Amino acid sequence: MENLIKMKFRESLTSILPIAAIVMALSFTLTPLDPGTFFMFLLGVLCLIAGLAVFTMGAEMSMQTLGAKLGSSLAASGKIWLITLISFIIGILVTISEPDLQILADQVSGVPNMTLILTVSLGVGIFLAIAMLRIVFHVSLSLLLGIFYILAFGMCLFVPSDFWSVAFDSGGVTTGPMTVPFIMAIGAGVSGIRAGGGGHDDSFGLVALCSIGPILSVLILGICFGLGGGEFELAEIAVVESTRSGMAYYMHGFTEHIKGVAIALLPTLIFSVLFQLTTRAFSTKKLIRIGVGIVYTFVGLVVFLTGANEGFRSTGLALGNILAATDSGAWLIPVSMLIGYFIVNAEPAVYVLNKQVEQITAGAISAKTMRLTLSIGVCAALGLSMLRILTGISILWILIPGYVIALGLSFFVPKFFTGIAFDSGGVASGAMMSAFVLPMAIGACSTLGVDIMTQAFGCVAFVAMTPIISIQICGLVYNLKAKRAISRFTTEREVFLDYSASVFEELKSPAAVKH
C-alpha cells in the first residue's frame with residue numbers, strides 16, 4: 001500500500017509540476033501576477049498534486065471495479081431490455097451532478113440551470129444505452145459517429161450562432177472525473193464477456209457516444225426554445241490581501257466542493273449498494289476495499305477541484321488579460337499551445353483512459369504514447385482556440401473540417417484506435433479546461449473586446465476534437481509498422497523455407513545418401 005501511494009504521488013508530480021513551472025516562469029517574465037493571485041496559484045498546485053494522487057488511487061479501487069463488474073453482469077444476463085434500461089439510468093445518474101456541467105450551466109442565460117443540466121443528462125443516458133447496444137449488436141462505431149455528427153452540424157442551421165459553442169462545449173464537460181471511470185469500466189465489462197471476437201475493439205467508444213449525446217440534446221433545446229448563448233457576466237475574482245484571507249477563501253471553496261462531490265457520488269453509491277444487495281457480486285473483503293476506494297475518490301476529487309477552481313481560475317483569467325494586452329495578443333497562441341501540451345496530463349479522467357488502454361492492449365499502446373499523442377492534440381486545440389479569438393472566425397469553420405478529417409481517418413485505422421481516439425477527446429476536456437483554460441480565453445476576450453459567448457466558449461469543443469485526429473494518426477503509424485513487421489516476417493519465413501527445401505533436396509541426392 002505504501003509503495004502504491006508513493007507511485008501515485010510520483011505520477012501526480014510529473015503531471016502537475018510542468019504546468020506549474022510554466023505559469024511560474026510566465027509570472028516572473030511575460031505576465032507578472034500580483035502576490036495574492038500567485039499565492040492562490042501555489043496553493044492550487046499543492047491541492048492538485050495531492051488530489052490527483054488520491055483520486056486516481058481511489059478510482060482504481062472502487063469506480064473501475066464496480067463498473068467492470070456491473071458491465072459483465074449486464075452482459076451475462078443476456079437481456080437486451082435490462083442492458084438498455086440500466087445503461088440509461090446510469091447515464092443520467094452519473095451526469096446530473098458532474099461538477100463541470102454546473103460550471104457550464106451557470107454561464108448560459110435564457111434557460112434555467114436545472115433545465116440545461118437535465119437536458120444534458122438525458123442526452124448522456126440515451127447515448128450510453130445506444131453505446132451498449134452497439135457493443136451487443138456489433139454496430140460500427142465509425143458509422144454511428146458519422147451519422148450523429150452530420151445530424152449535429154445540420155441542426156446548427158436552426159439555432160443562433162452564439163449557441164453553437166455552448167452546445168459543443170457541453171459534450172466535453174459532461175465526460176469528467178465522475179463519469180469517465182464508471183462508464184469506461186462498464187464498457188470494458190460488457191465487451192470483455194461478449195461472445196465472439198472483436199470484444200476488445202468495442203471496449204472503447206462509450207465516452208465518444210456519450211459526448212455527442214449532450215450536443216444533440218442541447219441543440220434540440222435551443223431549437224425548441226429559440227435560445228441563443230446570451231450575455232456573459234464576468235464573475236468577480238476574490239481579492240486576496242493576505243495569506244490568512246487566501247486560506248479563508250480556500251476553506252470556503254473546500255466546503256462547497258465537499259457538498260458538490262458528495263451529491264455527485266451519492267447516486268452512484270446508492271446504485272452500487274442496490275446492485276450488491278441484488279447480486280451479491282462482491283465478497284466482504286472486496287466490499288471493504290471498494291468502500292476505502294470510494295472514500296479516497298471523494299477526498300481526492302474534493303481537494304483536486306478546490307485547487308483547480310480556487311487556485312487556477314483567477315490565474316487563468318489574469319494570464320488571458322495580460323497576454324491579450326501584450327503586443328496585440330501576439331503571445332496568446334504560443335503560450336496557450338505550450339500550456340495545452342502539459343495541462344492535459346493533469347486531467348484525472350485522462351489517467352483513467354491511459355491506464356485502461358495500456359491494460360487492454362497488453363502494453364502495445366503504452367500510457368506514455370497516449371500522453372504524448374494527447375498532449376500534441378490539446379496543444380493544437382488551444383492554438384486554434386486563441387487563433388479564433390484573434391481572428392473572430394466562426395467555430396464551425398474549424399469544427400466541420402476537423403470532424404470530416406477525424407471521421408475519414410476512422411475508416412483507415414484499426415477499430416480499437418477509433419474508439420480510443422474518440423474517447424480521448426471526451427476525457428481531455430475536463431476540470432482543468434473548465435477551471436483554467438476557459439478563464440484564460442475569457443480573460444483574453446474581455447481585454448480584446450471580443451464577444452465572450454461566441455469566441456471564448458468553444459475551446460473545450462476544440463480540445464474534444466483534436467486528440468481524435470492525433471491519436472488516429474498514431475493509429476495509422478501503428479498499422480503501417482504492423483504491416484511492415486508482418487511483411488518482414490513473411491519474407492524471412494519464405495527465405496527460411498526455401499533454404500530448408502534446398503538443404504533437404506541436397507540431402508536426398510545420391511551423393512549425399514552414399515556419403
Side-chain angles (χ1 to χ4, degrees), residues 1-25 38-66 99 176-178 180-182 184-185 246-247 250-251 253-254 257-258 261 264-265 288-313 315 339 341-359 363 366-372 374-375 378 427-428 430-433 435-436:
M1 188 66 175
E2 184 179 348
N3 291 334
L4 178 62
I5 294 173
K6 287 181 180 179
M7 183 184 71
K8 295 302 178 185
F9 271 92
R10 187 162 51 248
E11 291 174 347
S12 182
L13 278 170
T14 56
S15 299
I16 305 298
L17 285 184
I19 187 66
I22 292 170
V23 175
M24 289 177 69
F38 190 70
F39 172 72
M40 296 292 284
F41 170 74
L42 291 179
L43 285 181
V45 170
L46 295 177
C47 287
L48 258 62
I49 292 172
L52 183 60
V54 176
F55 170 81
T56 53
M57 184 166 58
E60 285 184 2
M61 294 171 63
S62 60
M63 305 296 285
Q64 294 179 49
T65 303
L66 283 168
M178 288 302 305
V180 170
F182 207 67
M184 290 193 69
M247 290 301 298
Y250 258 86
M251 290 307 297
F254 189 74
H257 287 299
I258 285 178
V261 175
L265 272 175
I288 293 173
R289 178 178 172 82
I290 291 172
V292 173
I294 290 174
V295 173
Y296 284 158
T297 302
F298 172 78
V299 173
L301 195 53
V302 168
V303 175
F304 180 88
L305 291 176
T306 301
N309 286 283
E310 317 309 328
F312 276 70
R313 182 180 295 176
T315 305
I339 290 173
Y341 184 86
F342 290 102
I343 200 170
V344 67
N345 294 318
E347 292 287 359
V350 167
Y351 172 85
V352 176
L353 174 69
N354 291 348
K355 284 295 183 183
Q356 185 164 340
V357 169
E358 189 171 56
Q359 290 171 3
S366 66
K368 183 179 180 180
T369 301
M370 284 293 297
R371 283 196 299 270
L372 176 61
L374 277 170
S375 294
V378 176
V427 302
M432 290 301 293
M433 297 301 156
F436 184 65

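Heads up: numbering here begins at 1 and tracks the sequence. On a predicted model such as this, the values are computed, not experimentally measured, just so you know.
- A428 and V378 get closest at one heavy-atom pair: CB-CG2, 4.2 Å.
- With a 4.5 Å cut-off on side-chain heavy atoms, V350 and L374 count as touching.
- Taken to the nearest 0.5 Å, the CD1 atom of I19 stands 5.0 Å off from the CZ atom of F436.
- Taking F38 as the reference, F28 meet the ring-ring contact (aromatic ring centres under 6.0 Å, His included) condition, with sequence neighbours excluded.
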Q. Going through the distances and angles, do V261 and V299 end up as a side chain to side chain contact (heavy atoms under 4.5 Å, CB included)?
A. CA-CA 9 Å; V261 175; V299 173; over 6 Å; no
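- Summarising the geometry of T14 relative to P18, their closest heavy-atom pair is O-CD, 3.2 Å, with the distance given to 0.1 Å.
- Here the side chains of F304 and H257 are not in contact, with every heavy-atom distance at 4.5 Å or above.
- The two atoms that bring I22 and F342 nearest to each other are CD1-CD1, 3.2 Å, heavy atoms only.
- The OG1 atom of T306 sits 13.0 Å away from atom CG of L46, with the distance rounded to the nearest 0.5 Å.
- Here the closest non-hydrogen pair linking M247 and L43 is SD-CD1, 3.7 Å.
- Distance check, rounded to the nearest 0.5 Å: CG of L301 to CG of L52 gives 10.5 Å.
- The nearest pair of heavy atoms linking V303 to A50 is CG1-CB, 4.4 Å.
- Closest non-hydrogen pair, V344 versus S375, comes out as CG1-OG, 3.6 Å.
- Inter-residue side-chain proximity for L372 and Y341 is flagged as met; some heavy-atom pair is nearer than 4.5 Å.
- Side-chain contact between T297 and M61 is absent, with no heavy atoms from C-beta onward closer than 4.5 Å.
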Q: Before giving the answer on side chain to side chain contact (heavy atoms under 4.5 Å, CB included), spell out for V45 and V23 the whole-Å C-alpha distance, their side-chain angles and the decisive distance to 0.1 Å.
A: CA-CA 11 Å; V45 170; V23 175; over 6 Å; no
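- Applying the side chain to side chain donor-acceptor pair (under 3.5 Å) criterion to S12, with sequence neighbours excluded, gives no partner residue.
- A distance below 6.0 Å separates the ring centres of F312 and F41.
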